[in-house]
There are 2 protein chains.
Amino acid sequence: MIEYSRQPHYLVAVDCIVFGFDGEHLKILLVKRGLEPEINKWSLMGGFVGANESPDDAANRVLKKMTGLEGVYLEQMQIYGEPDRDPIERTLSVGYFALIDIHKYEAQLNDDYEAEWFLINDRPKLIFDHNQMVADARKKLRYKAALHPILFEMLPKKFTIPQLHILFEEVNDTKIDTRNFSRKITSTGLLIKLAEKDRTGSKKGAFYFKLDKKKYHANSQAFLNLMPNLKV
Amino acid sequence: MIEYSRQPHYLVAVDCIVFGFDGEHLKILLVKRGLEPEINKWSLMGGFVGANESPDDAANRVLKKMTGLEGVYLEQMQIYGEPDRDPIERTLSVGYFALIDIHKYEAQLNDDYEAEWFLINDRPKLIFDHNQMVADARKKLRYKAALHPILFEMLPKKFTIPQLHILFEEVNDTKIDTRNFSRKITSTGLLIKLAEKDRTGSKKGAFYFKLDKKKYHANSQAFLNLMPNLKV
DNA sequence: ATTATTAATTGTCAAAACGACAATTAATAA
DNA sequence: TTATTAATTGTCGTTTTGACAATTAATAAT
């Protein structure tokens with residue numbers, strides 16, 4: 001019978017695909033890898049799972065260490081475990097995708113954190129299977145965002161409908177009718193209209209909204225239908 | 001800088017939650033654990049990830065070994081990696097859920113495979129965090145099945161609408177209106193009506209249907225809306 | 001001061017989907 | 001021939017959807 005002692009042991013790592021939104025385009029946060037092999041090549045932010053932490057813990061620790069941010073939206077994606085994915089030694093990696101408010105990160109930015117934002121469509125080639133991870137994460141983000149109100153995680157506390165609109169178009173790489181989008185997003189009952197207006201970028205100005213946190217957290221599992229002609 | 005050699009190494013396993021349907025109720029397939037600790041206790045079917053296989057490979061191998069079945073519907077769920085989840089040695093486990101036609105398995109059944117079906121709602125207590133895994137798998141099955149036509153995987157090639165209807169009710173633990181269900185499921189265009197009828201269980205008999213494999217595989221990613229009042 | 005311009009906001013309407021509800025049909029058993 | 005049972009098909013008002021256009025609030029130009 002199989003015994004524990006006979007079984008091979010592996011390294012286990014986490015890798016995070018960190019998405020942000022600059023108001024126009026979807027971006028991801030990359031770092032220069034600090035260890036061999038492939039040192040100084042661009043890579044996802046990741047690290048090994050320590051002895052006293054779960055993979056979720058490890059992902060949060062890595063994010064904290066590399067961006068200074070805590071409590072970010074983090075979701076387990078899938079495990080990457082092809083035997084030869086790491087040339088040095090067998091390493092299985094748990095992929096996570098994270099959504100952060102790009103401005104929060106920029107506020108934290110200093111020399112301790114040598115991460116850099118790249119346009120999702122204009123990013124350097126990454127090491128190992130990280131390119132595949134990014135592709136998978138993007139697909140999963142699109143899937144999830146079509147059903148659940150998670151894209152708010154990439155916007156500031158105060159945001160406008162047009163901002164949200166562009167974000168949805170970016171994530172889904174498609175045009176969405178302004179009027180129908182507006183109707184749909186407000187009909188969720190998740191938005192609270194503020195008195196203040198955002199006057200940058202237009203003469204008329206667009207009203208700020210904030211998220212109704214109570215409803216948001218109460219209904220974070222609800223199936224919405226946020227995309228027209230919903231297909232994946 | 002962190003080096004590979006300094007990092008701890010762990011065992012990596014897979015565990016499969018195997019769902020089946022006996023025509024009335026949802027069931028899961030359990031095995032008696034063959035190694036210490038907790039030997040002879042009921043557990044999910046699982047095994048360690050070998051040196052030359054991916055976790056997906058391992059899950060398929062385990063399923064083949066314990067049921068004799070190949071090519072079953074298998075989907076990665078999530079990783080279970082709390083440091084102390086295995087009392088002997090740190091082991092991370094990748095959870096999978098599988099959908100199989102219960103009759104196919106019964107056909108294969110012999111002494112080599114000492115697995116046993118249990119009603120999902122009347123199952124023995126399982127080892128480690130396997131109870132949590134079952135709960136998670138059930139939730140995920142419900143989620144996925146509400147959007148994608150995967151429950152067919154638990155039915156024979158020929159099946160009737162009433163069979164499908166009961167299966168949907170079982171998975172979602174709710175009553176579904178027969179007429180609306182029928183309309184919805186046929187409007188997907190995924191079903192092909194056969195001339196033959198199933199005469200067991202009713203006087204009138206119910207027409208057999210089969211899956212339109214072409215459309216099924218072409219549209220396996222399509223978002224359907226298979227549950228009324230869809231919530232999670 | 002009036003007008004042009006720009007982007008945000010609100011509005012219309014026909015088609016489709018939905019959900020609640022009941023009648024009909026095809027078989028067997030009495 | 002009739003009663004019984006379960007499968008199948010049907011109705012209808014409401015809501016949601018998606019395609020499309022008009023109005024409004026501000027600033028810039030004349």
Side-chain angles (χ1 to χ4, degrees), chain A residues 23-24 146-147 149 155 158-170 172 174-210 219 222-232, chain B residues 23-24 146-149 155-156 158-170 172 174-210 219 222-232:
Chain A
E24 294 185 38
L147 298 167
L155 290 175
K158 295 187 303 183
F159 54 86
T160 66
I161 302 272
Q163 280 170 7
L164 200 54
H165 181 228
I166 297 171
L167 177 52
F168 266 82
E169 290 192 332
E170 271 291 300
N172 291 284
T174 183
K175 287 288 169 193
I176 306 174
D177 183 88
T178 323
R179 303 157 284 199
N180 293 337
F181 177 79
S182 203
R183 172 158 45 94
K184 190 166 273 191
I185 207 73
T186 52
S187 74
T188 63
L190 291 172
L191 300 190
I192 298 175
K193 192 175 192 170
L194 303 180
E196 193 186 356
K197 268 188 172 181
D198 169 32
R199 303 190 180 282
T200 68
S202 95
K203 293 164 189 170
K204 181 173 178 179
F207 279 105
Y208 278 118
F209 288 80
K210 68 173 181 179
N219 274 4
F223 270 121
L224 302 178
N225 184 2
L226 299 170
M227 280 299 296
N229 298 316
L230 191 53
K231 272 165 199 161
V232 190
Chain B
E24 294 184 37
L147 298 167
H148 306 281
L155 291 176
K158 296 187 301 184
F159 53 87
T160 66
I161 302 272
Q163 280 170 8
L164 201 55
H165 181 229
I166 296 172
L167 177 51
F168 266 81
E169 290 192 330
E170 270 291 300
N172 291 284
T174 184
K175 287 288 168 193
I176 305 173
D177 183 90
T178 324
R179 303 156 285 199
N180 292 338
F181 177 79
S182 203
R183 173 157 45 92
K184 188 165 274 188
I185 207 74
T186 51
S187 74
T188 62
L190 290 171
L191 300 190
I192 299 175
K193 192 174 192 171
L194 303 180
E196 192 185 357
K197 268 188 172 181
D198 168 31
R199 302 189 181 283
T200 68
S202 96
K203 293 164 188 171
K204 180 173 178 178
F207 278 105
Y208 278 119
F209 288 79
K210 67 173 181 179
N219 274 2
F223 269 121
L224 302 178
N225 184 1
L226 299 171
M227 278 299 296
N229 298 316
L230 190 53
K231 270 164 202 163
V232 190

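Numbers restart at 1 for each chain; the letters A, B, ... are given by sequence-line order, proteins then strands. Values in this document were obtained by computation on a predicted structure and should not be read as measured data.
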Report the distance from atom CZ of B/Phe181 to atom P of C/dA17, rounded to the nearest whole Å.
18 Å
Spacing between A/Ile176 atom CD1 and D/dC20 atom P, to the nearest angstrom
16 Å
Between D/dT8 atom P and B/His165 atom NE2, what is the distance in whole Å?
12 Å
Does A/Thr178 reach a base, just sugar-phosphate, or nothing at all? Heavy atoms under 4.0 Å.
base
Here the distance between atom C1' of C/dA7 and atom CD of A/Gln163, to the nearest Å, is 14 Å
Mind calculating the distance between CZ (A/Phe209) and P (C/dA8) to the nearest angstrom?
12 Å
Whole-Å distance separating the OH atom of A/Tyr208 from the C1' atom of C/dA8
14 Å
Mind jotting down which residue pairs meet the ring pair (Phe, Tyr, Trp, His ring centres under 6.0 Å) criterion with at least one end in residues 174-199 of chain A? Sequence neighbours excluded, please.
A/His165-A/Phe181, A/Phe168-A/Phe181
Could you list the residues that satisfy side chain to side chain contact (heavy atoms under 4.5 Å, CB included) with A/Pro162, not counting sequence neighbours?
A/Thr160, A/Ala206
Closest approach of B/Lys204 and B/Arg199, non-hydrogen atoms and distance?
O-NH1, 3.9 Å
A/Arg183 meets the side chain to side chain donor-acceptor pair (under 3.5 Å) criterion, sequence neighbours left out, with A/Asn180
The side chain of B/Arg183 is closest to which nucleotide in this list: C/dA8, D/dT11, D/dG18?
D/dT11
Mind listing the N/O atom pairs, protein and nucleotides 23-30 of chain C, below 3.5 Å?
| from | atom 1 | to | atom 2 | distance (Å) |
| --- | --- | --- | --- | --- |
| C/dT25 | O2 | B/Lys204 | NZ | 2.8 |

Dot-bracket notation for DNA chain C is requested: 5' to 3', Watson-Crick or G-U wobble pairs only, both distances under 3.5 Å, with ( ), [ ], | and . as defined.
||||||||||||||||||||||||||||||
Can you tell me the distance, in whole Å, between the CG atom of B/Asn180 and the C1' atom of C/dA22?
12 Å
Proximal nucleotide (of D/dC20, C/dG19, C/dT9) relative to the A/Asp177 side chain:
D/dC20
When you measure from the side-chain N and O atoms of A/Asn225 to the phosphate of D/dT17, is any distance below 4.0 Å, counting only OP1 and OP2?
yes
B/Lys158: what forms a salt bridge (Lys or Arg N to Asp or Glu O under 4.0 Å) with it, not counting sequence neighbours?
B/Glu196
Using the side chain to side chain contact (heavy atoms under 4.5 Å, CB included) criterion, which residues pair with B/Thr174? Sequence neighbours excluded.
B/Asn172, B/Ile176, B/Met227
Atom-to-atom span, CD1 of B/Ile185 to C1' of D/dT8 - whole angstrom:
16 Å
Ring pair (Phe, Tyr, Trp, His ring centres under 6.0 Å) partners of B/Phe209, counting only residues at least two apart:
none
Look only at the side chain of A/Ser187 and the backbone of A/Lys184, and say whether a donor-acceptor pair between them is shorter than 3.5 Å.
yes
Any residue meeting side chain to side chain donor-acceptor pair (under 3.5 Å) with B/Gln163, in chain and number order, not counting sequence neighbours
none
